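Below is one structure; the comments refer to it alone.
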Amino acid sequence: MRRLSTLLILFAVALGFATEPFKPRFLVAIYHDIRHSSDERLLAKGKRFQGTGAFIAPDLILTAGHLLPVPDWEEPPEWQEVIRKSVIGIVVKIDEKFYFAKPVIAPKNADIAVLKVFGYSSKDFLRVSFKQPRVGETLEVVSLLPHRTGEGELLIQPFLWKLVVGNPQFKSTWGVSEPVEEEMIAGRPDSWGGSSGSPVLKGNKVIGVVVGIVRSGVVLVEPTAKIKRELQKLLKERAI
């Protein structure tokens with residue numbers, strides 16, 4: 001299954017992630033803001049946590065394309081219809097406040113996107129690299145890990161984990177009505193719901209984002225190289 005279920009919650013310690021939470025200032029939580037729902041039973045109004053994003057410029061956030069509020073090919077037809085007829089925006093949570101964001105890069109043939117955030121300018125952001133990792137190379141991933149307290153409150157904390165590259169040119173086919181074959185980075189260990197869109201770092205630069213898993217338990221990473229031309233243009237405009 002390519003897309004990570006946002007309902008899947010695993011224990012950080014059991015998976016070998018960092019046991020002490022930290023606060024990377026470049027990391028943001030991506031939410032859907034359901035302003036109008038065509039079916040409240042399936043899609044209640046309000047803000048719903050979707051996954052992770054990271055600043056790559058003062059007003060630009062890199063994340064996974066499947067976190068955008070558009071009908072997803074993996075969802076049943078009735079669910080897709082509800083999404084089409086609803087009004088859903090994108091907001092990002094920074095320092096306990098929500099800010100509106102909109103896609104500025106969102107290719108149809110790659111699961112990666114860039115959002116522009118409004119009303120906030122970040123002083124902390126990641127530099128981007130388009131370099132390809134090698135087999136056996138260890139990359140760093142910074143993800144948001146959701147878990148519920150005993151009172152049922154949803155807590156979202158950042159965790160740093162390691163990803164060992166198994167195949168830097170893993171080919172996967174996805175899509176139903178219009179199948180797309182693309183090349184991604186595959187590695188271990190497995191990941192969890194909430195890690196979609198997490199920045200994958202080679203050295204201190206982001207080279208891709210977590211987008212899903214395959215049945216063998218291998219995590220997939222969409223490389224920034226897929227949007228190199230568009231992204232370079234945006235960063236050049238901001239003198240980055």
Side-chain angles (χ1 to χ4, degrees), residues 2-4 17-18 22 24-28 30 51-68 92 103-107 109-116 122 124-145 158-172 174 180-192 194-214 218-240:
R2 178 179 179 149
R3 185 173 178 180
L4 296 175
F17 305 130
F22 60 109
R25 301 290 298 175
F26 57 79
L27 213 62
V28 299
I30 309 291
T52 306
F55 275 105
I56 53 171
D59 63 342
L60 297 179
I61 295 169
L62 185 71
T63 190
H66 73 256
L67 297 186
L68 303 181
V92 296
V104 288
I105 298 178
N109 60 348
D111 194 357
I112 190 167
V114 176
L115 309 176
K116 176 180 171 61
S122 178
D124 300 289
F125 54 87
L126 295 170
R127 298 287 176 171
V128 179
S129 173
F130 304 101
K131 290 184 178 180
Q132 187 81 355
R134 302 183 304 273
V135 173
E137 188 170 2
T138 299
L139 308 175
E140 289 189 332
V141 186
V142 188
S143 298
L144 289 174
L145 176 68
F159 281 88
L160 175 69
W161 51 288
K162 306 291 185 180
L163 186 152
V164 180
V165 178
N167 187 346
Q169 297 175 311
F170 180 85
K171 288 190 176 180
S172 178
W174 58 278
V180 175
E181 183 182 67
E182 61 173 320
E183 196 172 273
M184 291 177 284
I185 301 165
R188 293 182 182 274
D190 205 341
S191 54
W192 66 89
S195 64
S196 283
S198 299
V200 179
L201 308 178
K202 177 179 167 66
N204 59 352
K205 295 183 178 179
V206 58
I207 64 165
V209 295
V210 172
V211 295
I213 57 175
V214 290
V218 174
V219 67
L220 298 179
V221 174
E222 194 76 89
T224 53
K226 295 285 184 69
I227 52 173
K228 182 177 181 179
R229 183 179 299 179
E230 307 98 305
L231 186 49
Q232 282 181 326
K233 181 181 177 181
L234 279 180
L235 295 176
K236 186 177 180 180
E237 290 172 354
R238 289 158 175 79
I240 294 171

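Here the structure is a predicted model, which means the values were calculated and not measured.
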Salt bridge or not for E140 and K162, using N-O below 4.0 Å?
-> yes
What's the shortest heavy-atom distance between G208 and T224, and which atoms?
-> N-CG2, 3.7 Å
With side chains defined as the heavy atoms from C-beta onward, is the minimum distance between P107 and K226 less than 4.5 Å?
-> no
Output for pair (N167 CG, E183 CD), nearest 0.5 Å, gives 8.0 Å
Correct closest heavy-atom pair for L144 and T52 would be N-OG1, 3.1 Å
So among V221, V200, L62, L220, which one has a side-chain contact (heavy atoms from CB on, under 4.5 Å) with V209?
-> L62
Is any side-chain heavy atom of L27 closer than 4.5 Å to a side-chain heavy atom of S198?
-> no
Would you indicate whether the side-chain heavy atoms of V141 and S195 approach each other to under 4.5 Å?
-> no
L235 versus E237: any side-chain heavy-atom pair under 4.5 Å?
-> no
Within a strict 4.5 Å, meaning less than it, do heavy atoms of the K202 and R134 side chains meet?
-> yes
Minimum heavy-atom distance V218-G187, with the two atoms named | CG1-O, 3.0 Å
Closest heavy-atom pair and its distance - P223, I112 = O-CD1, 3.8 Å
S172 and M184: side chain to side chain contact (heavy atoms under 4.5 Å, CB included), yes or no, with the steps?
-> CA-CA 7 Å; S172 178; M184 291 177 284; 3.6 Å; yes
For the residue pair L126 and V128, establish whether any side-chain heavy-atom pair is separated by less than 4.5 Å.
-> no
Working to the nearest 0.5 Å, report the span between CD of Q132 and CD of Q169.
-> 5.5 Å
Between the side chain of E137 and the main-chain N/O of V165, is any donor-acceptor distance below 3.5 Å?
-> no
Tightest non-hydrogen contact, residues S129 and K131, listed as OG-N, 3.2 Å
Side chain to side chain contact (heavy atoms under 4.5 Å, CB included) assessment of F55 paired with D124 | CA-CA 7 Å; F55 275 105; D124 300 289; over 6 Å; no
For residues F125 and A57, report the shortest heavy-atom separation together with the two atoms involved.
-> CB-N, 3.6 Å
Would you indicate whether the side-chain heavy atoms of K116 and L234 approach each other to under 4.5 Å?
-> no
Between the OG atom in S122 and the CD1 atom in I61, the distance rounded to the nearest 0.5 Å is 8.5 Å
Answer yes or no: is there a side-chain heavy-atom contact under 4.5 Å between R238 and L60?
-> yes
If you count the non-hydrogen atoms of other residues, nucleotides and ligands that lie under 6.0 Å from CZ in R127, is the total more than 12?
-> no
Separation between CD1 of I105 and CD1 of I227, rounded to the nearest 0.5 Å | 4.5 Å
Nearest 0.5 Å please: distance from the CD1 atom of I56 over to the CG atom of L115.
-> 9.5 Å
